[in-house]
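What follows is a short report on a single structure.
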Amino acid sequence: QVQLVESGGGLVQPGGSLRLSCAVSGSIFSIYAMGWYRQAPGNRRELVATIASGGSTNYADSVKGRFTISRDNAKNTVWLQMNSLKPEDTAVYYCNADLSDFHYRRAHYWGQGTQVTVSS
């Protein structure tokens, strides 16, 4: 089965950096796009950044200039480099993949989430 596993979260001080990773495994035919979303307590899950298989990226306005999404298509892995972190970045970060499995079933898959806490 398709699985997404995130790692790299933790506690950092404001202005610090973290690098999140997400590895996709399973019987995958094609990954069309991957992305990072986050959900803070009491809030809706929101888009942080996405990257298509061709490399095009999109970022939420709140993270532009601070976060960078990248991917290795061969490894089915996506990273999120987070710099200049702010307390408002505190959230559970979820990896998402828009993909088709070998039965040509297209769906979005979610990782289990990794906690990012920005606090002094």
Side-chain angles (χ1 to χ4, degrees):
Q1 294 185 5
V2 175
Q3 290 188 322
L4 281 67
V5 179
E6 304 105 326
S7 63
L11 173 64
V12 297
Q13 294 184 335
S17 297
L18 283 174
R19 185 174 175 86
L20 308 182
S21 65
C22 174
V24 183
S25 63
S27 299
I28 301 165
F29 176 76
S30 181
I31 300 177
Y32 306 103
M34 297 185 68
W36 289 95
Y37 295 71
R38 66 187 182 187
Q39 187 168 21
N43 291 352
R44 292 167 27 252
R45 188 171 298 185
E46 64 178 359
L47 183 148
V48 177
T50 62
I51 185 166
S53 60
S56 61
T57 59
N58 285 289
Y59 296 91
D61 289 342
S62 59
V63 306
K64 287 181 179 177
R66 300 188 297 120
F67 291 9
T68 303
I69 188 170
S70 59
R71 86 283 184 265
D72 185 332
N73 289 339
K75 296 181 179 179
N76 292 334
T77 300
V78 64
W79 295 270
L80 184 68
Q81 179 67 46
M82 304 185 294
N83 298 325
S84 301
L85 283 162
K86 305 174 181 179
E88 50 263 44
D89 295 318
T90 296
V92 177
Y93 283 70
Y94 296 91
C95 181
N96 174 270
D98 175 13
L99 60 82
S100 294
D101 62 17
F102 281 127
H103 292 91
Y104 308 107
R105 295 176 295 202
R106 185 170 181 174
H108 287 262
Y109 291 82
W110 294 94
Q112 82 285 357
T114 184
Q115 177 71 50
V116 172
T117 302
V118 185
S119 177
S120 59

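Below, each value reflects all heavy atoms present in this structure, side chains not excepted, and no hydrogens, waters or symmetry copies.
- For the residue pair Ile69 and Gly35, the shortest heavy atom distance occurs at CD1-CA, 4.1 Å.
- Inter-residue side-chain proximity for Asn76 and Ser25 is flagged as unmet; no heavy-atom pair is nearer than 4.5 Å.
- By the side chain to side chain contact (heavy atoms under 4.5 Å, CB included) test, Asn58 pairs with Thr50, sequence neighbours left out.
- Atom CD of Gln115 has more than 12 neighbouring heavy atoms from other residues, nucleotides or ligands inside a 6.0 Å radius.
- Rounded to the nearest 0.5 Å, atoms CG (Leu4) and CG (Leu99) are 7.0 Å apart.
- Nearest heavy-atom pair, Val5 versus Gln112, reported as atom, atom and distance to 0.1 Å: CA-OE1, 3.6 Å.
- The shortest side-chain heavy-atom distance between Arg66 and Tyr59 does not fall under the 4.5 Å cut-off.
- Within the model, atoms OG1 of Thr68 and CG of Asn83 stand 6.5 Å from one another, a figure rounded to the nearest 0.5 Å.
- Residue Phe102 qualifies as enclosed at atom CZ: its count of foreign heavy atoms under 6.0 Å is above 12.
- Distance check, rounded to the nearest 0.5 Å: CG of Asp101 to CD1 of Ile28 gives 9.0 Å.
- Here the closest non-hydrogen pair linking Val48 and Tyr93 is CG2-CE2, 4.1 Å.
- Val24 and Tyr37 are not part of a single hydrophobic cluster, where members link through side-chain heavy atoms under 4.5 Å apart.
- Without hydrogens or angle criteria, Gln81 side chain to Arg19 main chain gives no donor-acceptor distance under 3.5 Å.
- For Glu88, the CD atom is densely surrounded, since the number of other residues' heavy atoms within 6.0 Å is greater than 12.
- Ser21 and Ser7 get closest at one heavy-atom pair: OG-OG, 2.7 Å.
- Counting all heavy atoms, side chain and backbone alike, Ser62 lies closest to Arg38 at OG-NH2, 3.4 Å.
- In this structure, OG in Ser120 is found 9.5 Å from CG in Leu11, a value given to the nearest 0.5 Å.
- For Asp61 and Lys64, the salt-bridge test passes: some basic side-chain N is under 4.0 Å from an acidic carboxylate O.
- Sparse packing is recorded around CZ of Phe29, with 12 or fewer heavy atoms of other residues, nucleotides or ligands lying under 6.0 Å away.
- Under the 4.5 Å side-chain heavy-atom criterion for ILVMFWY residues, a single connected hydrophobic cluster contains both Val2 and Ile31.
- No continuous path of ILVMFWY side-chain contacts below 4.5 Å connects Trp79 to Met34, so the two sit in separate hydrophobic clusters.
- Under the 4.5 Å side-chain contact rule for hydrophobic residues, Val118 and Val92 do not share a cluster.
- Residues that satisfy the salt bridge (Lys or Arg N to Asp or Glu O under 4.0 Å) test with Arg45, not counting sequence neighbours, are absent from this structure.
- Asp89 has its side chain out of reach of Met82: every pair of non-hydrogen atoms, C-beta onward, lies at least 4.5 Å apart.
- With values rounded to the nearest 0.5 angstrom, Ser27 atom OG is found 9.5 Å from Arg105 atom CZ.
- The two residues Val78 and Cys95 have their closest heavy-atom pair at CG1-SG, 3.8 Å.
- Put simply, Phe67 and Tyr94 are part of two different groups of oily side chains (I, L, V, M, F, W, Y) that touch within less than 4.5 Å, one to the next.
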